[in-house]
K.L.:
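Handing you a structure now.
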Amino acid sequence: VIGTRTARPDVLALLQAGGVYPAIVVLLLFNLALTPNFATVANLRLQLVQVAPVAIVAIGMALVIGTEGIDLSVGSTMAISAALLPLYLGYGVWPAVAVALLAGAAVGVVNGSLVAFARMQPIIATLGTLVACRGLALVLADGRLTEIFDPVLAQLGNEAVLGVPISVLLVLVVTASAAVVVRRAAFGRRLLAVGGNRAAAGLAGLPVRRTLVTVYVVSGVLAAAAGVLSTARQGASDPSSAGLLIELSAITAVVVGGTPLSGGRVRVLGTLMGALLMQLIIATVIQHDLPDSTARMLQAAIIVAAVYVQRGRSRA
Amino acid sequence: MTAVDTTATTPGRRTVTGRRWWWQPGRTGTPIVLALVLLGGSAVFGDSFASGRNLGNIALDSSYLLLIATGMTFVILSGGIDLSVGSLLALSGVLTAYGAQWGTLTAVLLPLAVCGVLGLVNGLLIGRAGIAPFIVTLATLLFARGLAFAVADEGNRVYLIPADLALTRLGQARWLGLSAPVWFALIVFAAAVVVLNRTRFGQATFAVGDNLETAGLMGVPVARVRVLVYVVSALLTGIAGVLVAAQTQSGLPTLGEGRELEAIAAVVIGGTLLTGGAGSLGGTLAGVLLLKVLQNLINQVGTLTSYYQQVVSGTFLVVVVLIQTRLNRRRMR
């Protein structure tokens, strides 16, 4: 949000803050030069649509990490949202979506209360809800995959407005709102203050607990929205695989995007770029016929490299 | 560095004192809860729970988790976290099965060497390069899983361990009614208890976790300790992987997903603080047994599906930690 206060040369400081941008440019140039059929509208649209759920979850995660927290339960929240959709579709699409989002908010309230009022460590509180909510989603859906034949939901997953897929539009809206909130809104300021120094924020009279609960609720609702989106795209609700391990992808995107795990600073656009970078790596590897295992090892190396460049501000 | 007296740095905290150096039941109620659950389980389910066969199964199931959680205790005590253990378990299992084609020695040494190296990489990136443990081990989680799949030909190939290999016979042996992995886990655990409480390295682990700067000023080799704990964690996970492979006579690259969270849960339920510097291996043992006994009890209830097991485990974790936080705060007042 504010420029670094180190005595380093400006170029180095810029690279540290936004190492993700040159990485994306390099990867894009590489693909434009060497990957056949990369620069087609269909391919670029596919990449963007595929990254949408992770990007939405990662924005929520970035806000939580800004408060020096972490939300491991996002994947399970996606599963609950996916499990609830077919159960309430009988009342219409929008009530069903509303129920799914409400469930996400409820998970957020539980997480937030455990962190804010019971003062539990976020990693443990959300680890508990991760396990419990995945189980709950499976109980709700009886462990089964349910196919969904709903025209409106199918449109949400696959249609485009003015050439831009609806899910991509949603990502843009979420990113823009988060960026405005972090930079301009009082809530964003409070969030960063709590993350920077919880005790000081409390002494300064900020509503620390309310801020924390709200942040986890936002993360829960965004995760539920991602669950609706991926369910709509697949045309099926699968609570055993929906959002599995997405918490790791989201945390990776946040960290690669330059948000320190120690709180007090959020890079919203960087987070979106971090998610895009990871998606580009997978796409590059797949389009060059390299196995999936190579993609994982490459991702690992890039995470470490990206964070090594930014180290000093990411010590946690 | 001569003597690292952790009790001197923060008076009032219970660490290594007098006769009770290996167990501090006053720290948590975990062992008491464990005893109550065991008694309750026997009362309700009778022989189907309290039979030697079932208890033996619980012990075998717990032994792998105990090995991983023991290493995790060292890491968490030093103020870090190791997310890579689940993937390392799979990698070790796959490498054991892969190495078994050249005999028992390679089957054991290959996975331990690779896990040791990955642990060292974890440690160096955290201890020397100063990157956050959460991120480094998250990357190793991805890397080790990728390597496991690469060795197993993207999961299309399952290496089988021949039944006549010394490794198989050793891994499936039973002594005094308990499976071999249980004995291995207990021996390693006992050694770890001695190392943690009776050696400089163990004391330094507490000191580093309690306060990095203070430990450094006192002359504790902070970086070396922080590197070593991740090597210990990776090696113990490697041993667990070898034992799993020997038991099942194969190595699966999908093994152990989410095991890191189970291990962290066991350590935290055992009363070790995630902030580092305070905790005990005795607590971790109780935490591991408590998790496994509860899972077994839920399975005994025929009407509950395994999905409920997750709901109960998650809720239970939250409740235990809630109680702990309460107790700790009261003690601090």
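In what follows, every chain begins at residue 1, and chains take the letters A, B, ... in the order their sequences are listed.
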K.L.:
Please state whether the side chain, the backbone, both or neither of B/Leu147 comes within less than 4.5 Å of a heavy atom of chain A.
P.N.:
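For B/Leu147, heavy atoms of backbone and side chain both lie under 4.5 Å from chain A.
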K.L.:
Tell me which of these, A/Gly128, A/Ala301, A/Ser240, has more heavy-atom pairs under 4.5 Å with chain B than the rest.
P.N.:
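So the answer, after comparing A/Gly128, A/Ala301, A/Ser240, is A/Gly128.
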K.L.:
Could you walk me through whether A/Ile70 and B/Phe134 pass the side-chain contact (heavy atoms from CB on, under 4.5 Å) check?
P.N.:
CA-CA 11 Å; A/Ile70 198 130; B/Phe134 197 93; 3.6 Å; yes
K.L.:
At a heavy-atom separation under 4.5 Å, does B/Leu261 approach chain A through its side chain, its backbone, both, or neither?
P.N.:
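Both backbone and side chain.
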K.L.:
With a 4.5 Å cut-off on heavy-atom pairs, point out which of A/Val304, A/Ile124, A/Ile123 contacts chain B the most.
P.N.:
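Of A/Val304, A/Ile124, A/Ile123, A/Ile124 has the most heavy-atom pairs under 4.5 Å with chain B.
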K.L.:
What pairs meet the side chain to side chain donor-acceptor pair (under 3.5 Å) rule with one or both residues in residues 289-306 of chain A, with sequence neighbours excluded?
P.N.:
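Applying side chain to side chain donor-acceptor pair (under 3.5 Å) to every pair that reaches into residues 289-306 of chain A, excluding sequence neighbours, yields A/Ser293-B/Glu154.
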K.L.:
Please evaluate residues A/Gln121 and B/Thr275 with respect to the criterion side-chain contact (heavy atoms from CB on, under 4.5 Å), reporting the C-alpha separation (whole Å), side-chain torsions for both, the decisive distance (0.1 Å), and the verdict.
P.N.:
CA-CA 9 Å; A/Gln121 285 186 316; B/Thr275 41; 3.2 Å; yes
K.L.:
Which atom names give the shortest non-hydrogen contact between A/Ala132 and B/Val311, and what distance separates them?
P.N.:
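Here A/Ala132 and B/Val311 meet closest at O-CG2, 3.7 Å.
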K.L.:
Can you name the closest pair of heavy atoms from B/Ala132 and A/Leu261 and give their distance?
P.N.:
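B/Ala132 and A/Leu261 have their closest heavy atoms at CB-CD1, 4.4 Å.
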K.L.:
Heavy atoms only: give me the nearest B/Val318-A/Ala125 pair and the separation to one decimal.
P.N.:
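Closest heavy-atom pair between B/Val318 and A/Ala125: CG2-O, 4.1 Å.
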K.L.:
Considering residues at least two apart in sequence or located in another chain, which fulfil the side-chain contact (heavy atoms from CB on, under 4.5 Å) criterion with A/Leu145?
P.N.:
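Counting only residues at least two positions away or on another chain, A/Leu145 forms a side-chain contact (heavy atoms from CB on, under 4.5 Å) with A/Glu147, A/Ala236, A/Asp238.
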K.L.:
Find the one option among A/Leu114, A/Leu138, A/Leu72, A/Leu245 whose heavy-atom pairs under 4.5 Å with chain B are most numerous.
P.N.:
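The candidate making the most pairs under 4.5 Å is A/Leu138.
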K.L.:
Between A/Leu298 and chain B, which part of the residue has a heavy atom less than 4.5 Å away: side chain, backbone, both or neither?
P.N.:
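The answer is neither part of A/Leu298.
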K.L.:
Which atoms of B/Ile126 are under 4.5 Å from chain A, going by heavy atoms: the side chain, the backbone, both sets, or neither?
P.N.:
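Contact with chain A is absent: no heavy atom of B/Ile126 under 4.5 Å.
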K.L.:
Does B/Tyr98 OH have over 12 foreign heavy atoms under 6.0 Å away?
P.N.:
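No.
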K.L.:
Atom CG in B/Leu141, atom CG in A/Leu248: separation rounded to 0.5 Å?
P.N.:
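B/Leu141 atom CG to A/Leu248 atom CG measures 5.5 Å (nearest 0.5 Å).
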